[in-house]
There are 2 protein chains.
Amino acid sequence: MSTIHDVARLAGVSIGTVSRVLSGNPATSPESRERVREAALQLGYTPNARAQSLRLARTGVIGLSISDVRNPFFADAAHGAEQEALAAGRVTMLANADEDSAIEARYLRAFRAQRVDGVLMSPQGGSAEGARSLVEAGIPVVLLNRTLDGVDAPVVTFDVRQGIEQAIMHLRDRGHRRIGLIAGPVSVSTGRARVSAFESIRDELGLDPAPELVQLADGRRGGGADAAERLLDLSPAPTAVLSSNALMSSGAFEAIRGRGAAVELVSFDDQDWMRLVDPPLSVIEQDAAHMGAVAMRLLLELIDGGSPRSVTLPTRLIPRG
Amino acid sequence: MSTIHDVARLAGVSIGTVSRVLSGNPATSPESRERVREAALQLGYTPNARAQSLRLARTGVIGLSISDVRNPFFADAAHGAEQEALAAGRVTMLANADEDSAIEARYLRAFRAQRVDGVLMSPQGGSAEGARSLVEAGIPVVLLNRTLDGVDAPVVTFDVRQGIEQAIMHLRDRGHRRIGLIAGPVSVSTGRARVSAFESIRDELGLDPAPELVQLADGRRGGGADAAERLLDLSPAPTAVLSSNALMSSGAFEAIRGRGAAVELVSFDDQDWMRLVDPPLSVIEQDAAHMGAVAMRLLLELIDGGSPRSVTLPTRLIPRG
DNA sequence: CTGTTAGCGCGTTCAC
DNA sequence: GTGAACGCGCTAACAG
C-alpha cells in the first residue's frame with residue numbers, strides 16, 4: 001500500500017500539496033493538481049482512512065447493529081437505513097448480533113474502538129449495558145424498533161397498541177371471541193408491549209380473557225411452532241391466533257396446518273409467502289425499510305449536534321383470506 | 001473519549017506501562033497492573049483501534065460485501081461467514097451492495113481505505129474492477145458464490161452442473177419433457193453457468209431444446225414473475241419450470257398460480273415457505289451458511305499467508321409434492 | 001501557491 | 001520493570 005509520501009515523491013511535490021489536491025483544497029495550482037492526480041492513479045493510492053480519522057474528528061462510518069440478519073424484518077430495516085446513510089455520503093458497517101447479547105457486546109466494543117461516528121442498533125434482550133455505555137461514552141446512538149429502560153437515546157418504534165388493536169378488531173369482526181397470542185420474549189421491549197396491549201384491548205372488547213391464551217416464545221421459527229402447539233392443546237383451543245413476527249408465524253402456520261386445525265392466523269410483518277400460502281395470512285404491516293431510514297435520519301441529526309425526538313410509526317392492517 | 005495518556009496520568013505511570021499492561025505484556029509489575037486496570041475501568045477507556053492499527057499491521061476487521069441482504073441465501077451466507085470469523089477472534093463488517101456495482105465499488109473503497117485485513121465478497125455483475133483492484137493492491141480477497149474472470153482469488157461455489165442435473169432428472173423422472181428455466185442475469189457467473197449447464201443436460205437427456213424455454217431475469221421477485229409469464233405465454237407452455245433463486249421462485253409461483261396453470265416449479269435454495277405452499281416446491285438445496293463459513297476459513301488462511309484452493313460445494317435435491 | 005512542521009493515539013525500541 | 005522518544009499516515013496551521 002502506497003502512502004502519501006510515495007505520491008508526493010512521484011509527483012515531485014510535498015505531501016502537503018498532495019493532501020490539498022486530494023481533499024479538493026482550492027489553494028493548488030492546476031499544474032500540481034494534474035501531477036498529483038496522475039501519480040495517485042498510477043500508484044493506485046487510497047488514503048489511509050485510519051490515519052485520516054486520527055487527525056479529523058469524523059470517520060464517515062456508521063455502525064449498525066441488527067438483532068438478526070436472517071429475519072427479513074431486520075434485513076429490510078438495515079437496507080432502509082443504509083440507503084439513507086449512503087445518500088448522506090456515509091458508509092454503514094453492519095453487525096449481526098444474532099439475538100445474542102454477548103455477540104452484540106463484542107460488536108459494540110468494536111464500533112467503539114473503531115470510533116464510528118454513531119451507532120444505530122436494535123438492542124438485544126438481556127442487558128441494556130451495551131447501549132448505555134455507548135451513550136455514556138458520548139457516542140451518538142439511536143435505537144431501532146426496541147426501547148431500552150434507562151438509556152437516553154432516541155428510539156424509532158412502531159405503534160404497538162395500534163397494531164394489536166387492528167388485528168384484534170379484525171378478528172372480532174370476523175366473529176372470533178377466543179384469540180391466542182404468540183408473543184416474543186419479554187426480554188425485549190416489543191415483546192412486553194405486545195403482551196400488555198393485547199391484554200388490555202382484549203379486555204376492552206370483552207373477549208375471552210384466559211391467561212393461557214398468551215404464549216411466550218423466543219421469536220424464532222421453532223419457538224413459534226411450539227407456542228402454536230401449546231395453544232392448540234388448550235380446550236377449547238382458540239379459534240384465531242396472532243403471531244408477533246414473521247419467523248414465528250411460519251412455524252405457527254406449519255404447526256396449525258399439521259394438526260389440520262381450523263384456526264385463523266394473523267401475523268405481524270408482511271412477507272411474500274404470507275399471501276402465497278392457503279389460506280393467506282392477514283397481516284399487520286410494519287414498513288421496516290422506512291423505519292430504518294427514519295432512524296438513520298435521526299442518527300445523522302444527532303451526529304450533527306441536533307437533539308431529535310423519538311418517532312412512533314403507524315402500522316397497517318392488510319386483511320386477506 | 002479518554003486516551004492512553006489519561007489512563008497513565010490517573011494510574012501514575014507512563015503511557016508505556018499502560019500499553020504493556022493492556023496488551024498483556026508480562027514485563028509489568030503486579031502493582032502497576034492493578035493500578036492501570038483500575039484507572040482504565042474508571043475512565044471507561046477503550047483503546048483507539050484506528051491509532052492502534054496505524055502502528056500494527058492488522059486491524060482485526062474483515063470486510064464482507066454481499067449482493068443483497070434481503071436475499072435469504074446471502075443473509076445465511078453472511079451469518080455463516082460471520083460466525084466463523086467470530087470464532088477466530090475477528091470482527092466482520094457487512095456491506096450490502098444491493099446488486100448494484102456502483103454501491104459495491106463504494107463499499108470496497110471504504111474497506112480499502114479502512115485497511116481491513118481481508119475482504120470476502122459475492123461480486124456484482126457488470127464489472128470485475130472492484131475485486132481486481134483489491135487483489136492488485138495486495139489485499140486478501142475470497143470470492144463468494146460467484147466467480148470473476150481475470151481475478152486471481154480463491155472462490156467458493158456450488159456445483160452448478162450437479163444442481164441443474166438433479167433438478168432436470170427429477171423432472172424427467174416425473175414425466176416432464178418440456179422444461180423451462182428462469183435464469184439469473186448473465187452478468188453474474190452463476191447466471192451464465194446455469195444456462196449452459198441447463199442446455200447441455202437437457203440435450204443429453206433428449207428433452208425439448210426450444211431456446212425460448214430459457215428466460216433471463218434480474219434475480220429479483222418481479223423479474224421471476226415476468227419470466228414465468230413469458231414462459232406461460234408460450235404454446236405449448238412448459239409443464240415444469242426451474243427457477244434459479246428463491247426470490248424469483250416466489251414471483252414465479254404467484255404468476256403460475258394466478259394463471260391457474262398446471263406447471264411444476266422447482267427452485268434453487270430451500271426456504272421455509274417452499275414447503276408451506278400448495279403444492280410445495282421441490283428444491284435444490286444449497287447450504288449457504290456452510291458456504292459462508294468455508295469461504296471465511298479460506299480468507300483467514302489467505303490472510304495468514306497461506307494459498308488456499310478454491311472449493312466447490314455439493315447441492316442436494318429435496319423432492320416434494 | 002507551496003514546503004515544513006506539529007500533533008492525532010498508540011506500540012515499541014532503547015536506555016536506564 | 002519502567003519512562004522517554006520515535007514514527008505509523010495524515011491534515012492543518014504557519015511561514016514563506
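In what follows, chains are A, B, ... by sequence order, proteins preceding strands, each numbered from 1.
Residues of residues 31-41 of chain B having a heavy atom closer than 4.0 Å to DNA chain D, listed by number: B:S32.
Rounded to an integer number of Å, the gap from A:Q114 CD to C:dG9 P is 16 Å.
Taking the side-chain contact (heavy atoms from CB on, under 4.5 Å) definition, one finds that B:A110 meets it with A:V91, sequence neighbours left out. Residues that satisfy the side-chain contact (heavy atoms from CB on, under 4.5 Å) test with B:R37, not counting sequence neighbours, are B:V21, B:R33. With sequence neighbours excluded, the residues satisfying side-chain contact (heavy atoms from CB on, under 4.5 Å) with A:A295 are A:L120, A:V142, A:L144, A:V156.
In this structure the side chain of A:I62 never reaches within 4.5 angstrom of the side chain of A:V116, judged on heavy atoms.
Residue pairs meeting the salt bridge (charged side-chain N to carboxylate O under 4.0 Å, His left out) criterion with at least one partner in residues 123-134 of chain A, sequence neighbours excluded, are A:E129-A:R132. Sequence neighbours left out, the pairs with a member in residues 82-95 of chain B that pass salt bridge (charged side-chain N to carboxylate O under 4.0 Å, His left out) are B:E84-B:R297, B:R90-B:D117. Among pairs with a residue in residues 60-76 of chain B, those fulfilling salt bridge (charged side-chain N to carboxylate O under 4.0 Å, His left out) read B:D68-B:R70, B:R70-B:D98, at least two apart in sequence or across chains. Sequence neighbours left out, the pairs with a member in residues 133-158 of chain B that pass salt bridge (charged side-chain N to carboxylate O under 4.0 Å, His left out) are B:E99-B:R146.
Applying the 4.0 Å criterion to OP1 and OP2 of C:dG3, one finds that A:T17 has a side-chain N or O inside that range.
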Reading nucleotides 5-16 of chain D from 5' to 3' and marking B where a protein heavy atom lies under 4.0 Å of the base, S where only the sugar-phosphate is that close, and - otherwise, the string is --BBBBB-B---
